[in-house]
Amino acid sequence: MHNVSDMRAALLRWYDEQGRTLPWRVRPEDRAAGVVPDPYAIWLSEVMSQQTTLAHATPYWRAFLEAFPSVVDLADANRDVVLSMWAGLGYYARARNLHKCAGVVRDDHLGIFPTDEKTLLTLPGIGPYTAATIAAICADEATNIVDGNVERVISRTYAFETPLPKGRKALRDLSGTLVRADRPGDYGQALMDLGATICSPKNPTCLLCPWREFCVAHSQSEETKYPVKVKKKPTPIRYGHAYVLRCEDKVLVERRPDSGLLGGMIGVPTTDWGDAPTDHSQAPLHRNWESKGQIRHVFTHFELRLDVFAAEIEASVEGVWVDDTSGLPTVFTKVVEAGLAD
DNA sequence: TAGGCGTGGCA
DNA sequence: TTGCCAAGCCT
């Protein structure tokens, strides 16, 4: 049932016929003509795409390439500028690692972005998926590319029963049995594209799938049973106050600690976030606070409810005042909007 | 190794 | 509304 050669041939044929293209992608025909992808641009696209929809990441990718045409430009840039440009993309450790990685490439690799999997794995923010993908796309290394899309495709094709995340390693090894030296970059992208388009999480369009005849889950009409996952626990709710201090057109902000949630980013003052509503005992100043309602924001592992309070204060109050809040993480953007609303 | 770590779209 | 999910990595 699972003839590897037939499966690869069917997938690559489908990929070539699709002509599906992404902004950073070198098309198969250009690639055959000798066009070499820029590993720096590919790396940027891959890091930004981690746990992020392509539609959301693409404008950021263009902006970064425009502002920092080379990895050395990025390494030389002020870190706060990089973090600010990342605002809204989420998972801010990626931005810190991005800047750190650029520095390592500049200082330890002569400013030339590596393209072999082993070296890539040593760089900050580059894990198994990203290393495998850059090496396959940029250097035709026959790596085993496994992302969420590939997990879904392979688990369905083989009716893989072990629940994730426990079964992740075995599933990854299973996927590796399909890897060959022939067109590894195109093969990996084809497999991801299949998961992103045909073999979607909810309503896969199996009728159009090049692997229809190979797929055990499809033969059992149980496509959406896979990948089997363990149930998640419900996310807790945390409460706190957020304070919007205004002076003319400026707002008082503070820098958050470099590690942990929203690490290194700029935000407005808040109380600690606890499991019950709080009071003004941790307010940054004693003022007659004007209530501005509550904002809710859902993080990966908890929901945050912040009661927003605002006050007009004197500019002599010590701190950082900004009139441009575009570099703030989304949760603080919501707070400032609530705080400035009528 | 299991949990921390954002945000937006979609059913 | 609610929950799931997206081209994962780090500790």
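No experiment lies behind these values; they were computed from the predicted model shown.
- Electrostatic pairing of A:Lys225 and A:Glu161 counts as a salt bridge here, judged by a charged N lying under 4.0 Å from a carboxylate O.
- Which of C:dC10, C:dC5, C:dG8 sits closest to the side chain of A:Thr130 comes down to C:dG8.
- Of the residues listed (A:Glu117, A:Gln50, A:Glu46), the one engaging A:Thr130 in a side-chain hydrogen bond (donor to acceptor under 3.5 Å, both in side chains) is A:Gln50, and it is the only one.
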>> Across nucleotides 4-11 of chain B, 5' to 3', mark each nucleotide with B, S or - according to how protein heavy atoms within less than 4.0 Å reach it.
In response: SBBBS---

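- For the pair A:Leu121 CG and C:dC9 P, the computed distance is 9 Å after rounding to whole Å.
- The distance from atom CG of A:Asp186 to atom P of C:dA7 is 19 Å, rounded to the nearest whole Å.
- To the nearest whole angstrom, the two C1' atoms, one in C:dA7 and one in B:dG3, are 22 Å apart.
- In terms of modelled atom types and a separation under 3.5 Å, the side chain of A:Arg238 and the main chain of A:Leu304 share no donor-acceptor contact.
- Of the residues near DNA chain C, A:Arg20 and A:Pro124, the one whose nearest nucleotide (by heavy atom distance) lies more toward the 5' end is A:Arg20.
- To the nearest angstrom, C1' of C:dC10 lies 18 Å from OH of A:Tyr129.
- C:dA6 atom P lies 9 Å from atom CG of A:Asp147, rounded to whole Å.
- Rounded to a whole Å, the CG atom of A:Leu164 is 15 Å from the C1' atom of B:dT1.
- Partners of A:Glu254 according to the side chain to side chain contact (heavy atoms under 4.5 Å, CB included) rule, which considers only residues two or more places apart in sequence or in another chain, are A:Pro269.
- Straight-line distance from the CE atom of A:Met48 to the P atom of C:dC9: 16 Å, rounded to whole Å.
- One atom, OH of A:Tyr60, and another, C1' of C:dA7, lie 17 Å apart when rounded to the nearest Å.
- Comparing C:dT11 with B:dG6, their P atoms are spaced 14 Å from each other, to the whole Å.
- In this structure, the CD1 atom of A:Ile145 is 14 Å from the P atom of C:dA7, given to the nearest Å.
- In this structure A:Val179 satisfies the side chain to side chain contact (heavy atoms under 4.5 Å, CB included) test together with A:Ala142, A:Asn144, sequence neighbours excluded.
- For the pair A:Arg8 (side chain) and A:Asp182 (backbone), a donor-acceptor distance under 3.5 Å is present.
- Annotation: cation-pi geometry not satisfied between A:Arg180 and A:Tyr187 (NZ/CZ under 6.0 angstrom from ring centroid, within 45° of ring axis).
- A:Arg152 has a side-chain polar atom (N or O) that falls below the 4.0 Å cut-off from OP1 or OP2 of C:dA6.
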